[in-house]
Amino acid sequence: MRSATNDRSAKVSGRVTDMFIESYETLARGGVGLIVTGHAYVTWSGKASPTMLGVHDDDLTQDLKLLVDRVHQYESKIVMQINHAGRMAASSTIGGTPVAPSAVYNPMTDETPKALTSEEIETLIEAYGAAAGRAVTAGFDGVQIHGAHGYLVSQFISPYTNKREDQWGGSAENRMRFLLEVYRYIRKEVGDHYPVLIKLNSADYLEGGLTIDESSRIAKILSQDGIDAIEISGGMPESGIWIIKPGIKEEKDEAYFLDNARKFREVIDVPLMLVGGLRSPALIERLLAEGEADMASLCRPFIREPDLVNRWKQGDQKKG
Ligand SMILES: Cc1cc2nc3c(=O)[nH]c(=O)nc-3n(C[C@H](O)[C@H](O)[C@H](O)COP(=O)(O)O)c2cc1C
């Protein structure tokens, strides 16, 4: 699968462009089985970059259907990743003060967000549900909640960014409440049989951040609650290298979330998608054959080489 990749080629309104659709067609033609879109914002306040994909308005659904139909001309599935950037949004992009669980300064934007009120939190949960409903209408094969990389869901889960003392913060139970409410609201909106996936941080790699023990508990609860698959990732912008780890040169550098994936494996009953540095077809085959993961998820190799899967299928085993 192609892991979510924001290629910033949508319009400022969030609408897809011809170039956007063509790049997805190239991946589908190239043999990718499942394409996850770049994160799409569920409300304007959750927009992380000026020309990323939007799913915040019913008006966008018609054009999103064009994207889906193009991918479905091939043997590929397409899932929409839905997101709110929280403190990762810049005021220059959203035209107002960014919102977050707590007013924790963000060195990436050099801004301090405003802490959400309880009413605003409820409204955002509904926005995730409405966005998922639009994905269904547009014909997507599923939605993926972005619960990683220091965006809003991950900000709520993480003790590093969630300093709230109400029902949305403090204990692990309270910090995971936003995610669980988002998931349950989406499930109510799309029904029991529509695939709802999550990309979840396994650890923040930050002092005072989310640990693997706590993320495993969240993964277990989601698995029991009916999530359809979990893609495991990690890292916050402040933690440096982890989200998009550089320097993957040898096989030992690949699959850099594998240790955490093994911990998830012990507690979940749903398919596990492994992302992070996968490059060698032999290693990928081995991980899948040995049951370490159910899907291999790649991002950067498909930017370089959208027809990588077909190349491998044709017998050229040079790594991606
Ligand atoms: C240009 C670029 C855009 C990305 N956009 C997203 C995104 O929208 N959502 C997401 O969850 N991860 C995003 N990521 C992270 C990747 O999905 C993936 O988790 C990470 O790059 C590690 O996988 P890789 O080693 O195969 O590249 C992006 C990465 C890159 C390089």
Side-chain angles (χ1 to χ4, degrees), residues 1-10 14 16 20 23-24 27 32-42 46-55 67 78-86 88-89 93 108 131 135 142-155 157 179 197-205 229-237 239-258 260-261 272-281 283-284 287 293 295-306 308-309 312 319-320:
M1 65 185 266
R2 197 289 294 261
S3 197
T5 307
N6 173 18
D7 61 10
R8 304 184 186 200
S9 64
V16 292
F20 190 102
S23 69
Y24 279 69
L27 288 164
V32 181
L34 171 63
I35 305 171
V36 183
T37 66
H39 55 161
Y41 50 100
V42 300
K47 191 172 171 171
S49 55
T51 53
M52 66 185 286
L53 187 63
V55 62
L67 168 68
I78 180 164
V79 160
M80 171 172 270
Q81 187 183 61
I82 57 176
N83 192 29
H84 188 292
M88 293 299 291
T93 301
M108 309 299 144
V143 289
Q144 185 186 58
I145 301 167
H146 198 341
H149 305 169
Y151 292 104
L152 189 65
V153 167
S154 148
Q155 287 161 34
I157 295 170
L179 165 58
L197 289 54
I198 185 163
K199 186 166 181 179
L200 186 63
N201 252 24
S202 53
D204 289 344
Y205 300 100
I230 299 176
E231 184 179 2
I232 184 166
S233 190
M236 296 272 260
S239 58
I241 61 168
W242 286 95
I243 300 175
I244 306 169
K245 200 172 179 185
I248 313 288
K249 296 213 161 56
E250 298 169 45
E251 202 177 289
K252 66 172 176 46
D253 307 319
E254 300 191 32
Y256 52 84
F257 293 119
L258 183 57
N260 288 352
L272 181 65
M273 297 154 158
L274 180 65
V275 74
L278 295 174
R279 302 291 181 266
S280 310
L283 173 69
I284 292 172
L287 292 172
M295 300 263 292
S297 188
L298 290 75
C299 166
R300 286 167 287 178
F302 288 130
I303 300 176
R304 289 190 286 269
E305 213 181 339
L308 175 63
V309 175
W312 282 346
K319 65 182 185 178

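All ligand and atom numbering here is 1-based and tracks the order in the structure.
Qualifying side-chain hydrogen bond (donor to acceptor under 3.5 Å, both in side chains) partners for Gln81, counting only residues two or more places apart in sequence or in other chains: Gln144. A search for side-chain hydrogen bond (donor to acceptor under 3.5 Å, both in side chains) contacts involving His149 returns Ser233, not counting sequence neighbours. Residues passing the ring pair (Phe, Tyr, Trp, His ring centres under 6.0 Å) test with Trp242, sequence neighbours excluded: Tyr205.
With hydrogens and angles left out, the side-chain atoms of Asn83 and His146 include no donor and acceptor closer than 3.5 Å.
When each of Leu272, Leu200, Val275 is paired with Ile232, the side-chain contact (heavy atoms from CB on, under 4.5 Å) condition holds for Leu272 and for no other.
For a heavy-atom separation below 4.0 Å, the residues in contact with ligand 1 are Ser3, Ala4, Thr5, Asn6, Gly38, His39, Gln81, His146, His149, Lys199, Ile243, Ile244, Tyr256, Val275, Gly276, Gly277, Arg279, Leu298, Cys299, Arg300, Pro301.
Nearest approach of Met52 to Asn6, heavy atoms of both residues: CB-OD1, 3.6 Å.
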